[in-house]
Amino acid sequence: MLKTQLDKYIEEYETKDFIKDDPIQFVHKFNKKEDIEIAGFIASMFAYGKREVFIAKLNYIFDLMENKPLEYVKSFNCKSNNIKNCDYRFSKDCDLVCVLKILNTLYSENETLETLFEYSYKQKSDIWNMFQGVVDYFYSKVNMEVTKGFYHLLPNPQKKSALKRLNMLMRWFIRKSSVDIGIWDFMPKSELLIPLDTHVAKISRKLGLLKRNDNGYESVIELTNNLKTFDSQDPVKYDFALFGYGVNNKI
């Protein structure tokens, strides 16, 4: 019965209409793969707090880039740039500058975010350890002053938090649907983990899909495994269903 109900919510909410109010809107603004992955990576880092606030901040950031993420990253100069007034919650301008500097290094070496994630996945053979490899790469490249906000934009998987934004990014890039863009294919969607935030956790507990009281790594695994009983090949599609349930039941 629950699967039937959730499947109906997927049909209702996993549509193009979902895009306009969600941070995934930023990956749909571009056509070139490198532009899409840079835009998605930056959008996912800032996707916390009040939606209307971080979306406005992201629009401002992409305006600074003249909506040319790859060109901007490849020509980025750490000492001379236009990153101003990009502070958001925990992060400051210097934290975004550091991220962009590291992206500049990556892309200047004829690598991409896709090759970085793919290499880490193939080395680790596990999505969580893949995240660790990617984050370790960024941490290893920090050679300027940053604040704790840099480490909030790119949280350390060792701390066993939910990594909601990284898991959301992987949903965007691995799944292919009317919403998710599916530009990466180095791992199966069956291995994706649910992007768990407090709202999704609250709904999941109400539905009996999550028993743990914390919202960390173990809860992500528990919820994802329970969703796999509904669809073992694509459990993360139920992210849309849980969103829909929350909307319809005003949770």
Side-chain angles (χ1 to χ4, degrees), residues 22-49 53-121 130-157 163-170 172-174 181 183-184 186:
D22 190 82
I24 200 174
Q25 65 184 269
F26 294 100
V27 305
H28 284 273
K29 291 183 177 182
F30 305 98
N31 296 312
K32 188 175 182 178
K33 180 185 278 190
E34 290 88 346
D35 284 326
I36 292 169
E37 63 183 25
I38 292 170
F41 187 67
I42 292 171
S44 69
M45 288 193 297
F46 282 82
Y48 68 98
V53 177
F54 71 68
I55 285 177
K57 181 61 69 174
L58 285 166
N59 275 316
Y60 172 76
I61 291 170
F62 288 117
D63 282 345
L64 292 180
M65 296 182 177
E66 297 183 345
N67 287 300
K68 298 175 181 178
L70 176 63
E71 183 179 317
Y72 186 88
V73 161
K74 292 189 77 169
S75 63
F76 187 75
N77 187 315
C78 183
K79 295 181 179 179
S80 176
N81 60 77
N82 63 343
I83 298 298
K84 300 291 186 293
N85 302 315
C86 293
D87 293 8
Y88 177 68
R89 300 284 295 271
F90 306 108
S91 63
K92 304 299 181 184
D93 287 346
C94 63
D95 302 317
L96 178 57
V97 166
C98 189
V99 170
L100 292 168
K101 179 177 181 291
I102 295 168
L103 287 174
N104 170 266
T105 299
L106 180 69
Y107 282 83
S108 295
E109 294 173 348
N110 293 317
E111 300 292 346
T112 66
L113 281 166
E114 180 181 22
T115 60
L116 174 62
F117 275 76
E118 182 175 8
Y119 175 79
S120 184
Y121 175 74
M130 176 194 73
F131 290 146
Q132 189 68 59
V134 170
V135 169
D136 285 347
Y137 171 84
F138 276 84
Y139 287 6
S140 72
K141 300 293 183 181
V142 176
N143 60 3
M144 57 176 284
E145 185 176 349
V146 296
T147 76
K148 65 179 181 180
F150 176 86
Y151 300 99
H152 187 269
L153 292 174
L154 289 163
N156 191 341
L163 298 186
K164 179 254 184 177
R165 289 167 289 147
L166 280 170
N167 280 311
M168 180 179 66
L169 178 71
M170 294 306 294
W172 293 351
F173 286 175
I174 297 295
I181 203 159
I183 57 169
W184 293 351
F186 59 80

Pairs where residues 95-120 contributes a residue and the test ring pair (Phe, Tyr, Trp, His ring centres under 6.0 Å) is met, not counting sequence neighbours = Phe117-Trp184

request  = Can you sort out the partners of Asn77 under side-chain hydrogen bond (donor to acceptor under 3.5 Å, both in side chains), two or more places apart, ordered by chain and number?
outcome  = none

query = With Asp35, which residues qualify under salt bridge (Lys or Arg N to Asp or Glu O under 4.0 Å), at least two apart?
reply = none

request  = Would you mind reporting whether Lys32 and Lys68 have side-chain heavy atoms less than 4.5 Å apart?
outcome  = no

request  = Could you pull out the closest heavy-atom pair between Tyr88 and Gly49, with the gap in Å?
outcome  = OH-CA, 3.7 Å

task = For Tyr48 and Arg89, indicate whether the former's side chain and the latter's backbone hold a donor-acceptor pair under 3.5 Å.
result = no

message = If we ignore hydrogens and angles and just use 3.5 Å, is the side chain of Asn59 paired with the main-chain N or O of Ile55 as donor and acceptor?
response = yes

request  = Show your working on side chain to side chain contact (heavy atoms under 4.5 Å, CB included) between Ile102 and Leu106 and close with a plain yes or no.
outcome  = CA-CA 6 Å; Ile102 295 168; Leu106 180 69; 5.6 Å; no

ask   = Distance from Leu154 atom CG to Phe138 atom CZ, nearest 0.5 Å?
value = 6.0 Å

Distance-only check: which donor-acceptor pairs under 3.5 Å involve side-chain atoms of residues 38-47, not counting sequence neighbours?
from	atom 1	to	atom 2	distance (Å)
Ser44	OG	Gly40	O	3.3
Ser44	OG	Phe41	O	2.8

ask   = Is the count of non-hydrogen atoms from other residues, nucleotides or ligands lying under 6.0 Å from Asn110 atom CG greater than 12?
value = no

inquiry  = Minimum heavy-atom separation for Ser108 and Lys74, please, with both atom names.
reply    = OG-O, 4.5 Å

ask   = Taking only residues two or more places apart in sequence, or in another chain, which ones meet Lys33 in a side-chain hydrogen bond (donor to acceptor under 3.5 Å, both in side chains)?
value = Glu114

inquiry  = Checking Tyr121 now: which residues fulfil side-chain hydrogen bond (donor to acceptor under 3.5 Å, both in side chains) with it, not counting sequence neighbours?
reply    = Glu191

message = I'd like to check the side-chain contact (heavy atoms from CB on, under 4.5 Å) partners of Ser75; sequence neighbours left out, ordered by chain and number.
response = none

message = As an exercise, state the distance from CG of Leu70 to CD1 of Ile36, rounded to the nearest 0.5 Å.
response = 11.5 Å

For Ser120 against Met130, the heavy-atom pair lying closest together = OG-O, 2.8 Å

inquiry  = For Lys84, I'd like to know if atom NZ has over 12 heavy atoms of other residues, nucleotides or ligands within 6.0 Å.
reply    = yes

key: Gap separating the CG atom of Asn67 from the CZ atom of Phe62, nearest 0.5 angstrom   = 8.0 Å

query = Looking at side-chain heavy atoms only, is the closest gap between Leu166 and Val135 below 4.5 Å?
reply = yes

ask   = Taking only residues two or more places apart in sequence, or in another chain, which ones meet Phe54 in a ring pair (Phe, Tyr, Trp, His ring centres under 6.0 Å)?
value = none

Glu109 CD to Asn104 CG distance, which is reported to the nearest 0.5 Å = 9.5 Å

inquiry  = Return the CD1 to CD1 distance between Ile174 and Ile181, rounded to the nearest 0.5 Å.
reply    = 12.5 Å

message = Strictly distance-based, threshold 3.5 Å: is any side-chain N or O of Glu37 a donor or acceptor partner for the main-chain N or O of Leu113?
response = yes

task = Assess whether ring-ring contact (aromatic ring centres under 6.0 Å, His included) is satisfied between Phe90 and Tyr151, documenting all intermediate values.
result = CA-CA 9 Å; Phe90 306 108; Tyr151 300 99; over 10 Å; no

note = Heavy-atom closest pair (Lys101 atom, Asn143 atom, distance to 0.1 Å) is NZ-OD1, 2.9 Å

Set of side-chain contact (heavy atoms from CB on, under 4.5 Å) partners for Thr115, sequence neighbours left out = Glu111, Thr112

key: All side-chain contact (heavy atoms from CB on, under 4.5 Å) counterparts of Glu145, not counting sequence neighbours   = none

key: Enclosure of Lys29 NZ (heavy-atom neighbours >12, cutoff 6.0 Å)   = yes

ask   = What pairs with Thr147 under side-chain hydrogen bond (donor to acceptor under 3.5 Å, both in side chains), at least two apart in sequence or on another chain?
value = Asp95

ask   = Does the side chain of Val142 reach to within under 4.5 Å of the side chain of Phe150, using non-hydrogen atoms?
value = yes

inquiry  = So, using side-chain contact (heavy atoms from CB on, under 4.5 Å) as the criterion, who are the partners of Cys86 when residues are at least two apart?
reply    = Tyr60, Ile61, Leu64, Ile83, Asp93, Leu96

request  = Supply the atom-to-atom distance Glu34 CD to Glu71 CD, rounded to the nearest 0.5 angstrom.
outcome  = 13.0 Å

query = Which is it for Val97 and Asn81 under the side chain to side chain contact (heavy atoms under 4.5 Å, CB included) test, yes or no, and what are the steps along the way?
reply = CA-CA 8 Å; Val97 166; Asn81 60 77; 4.0 Å; yes

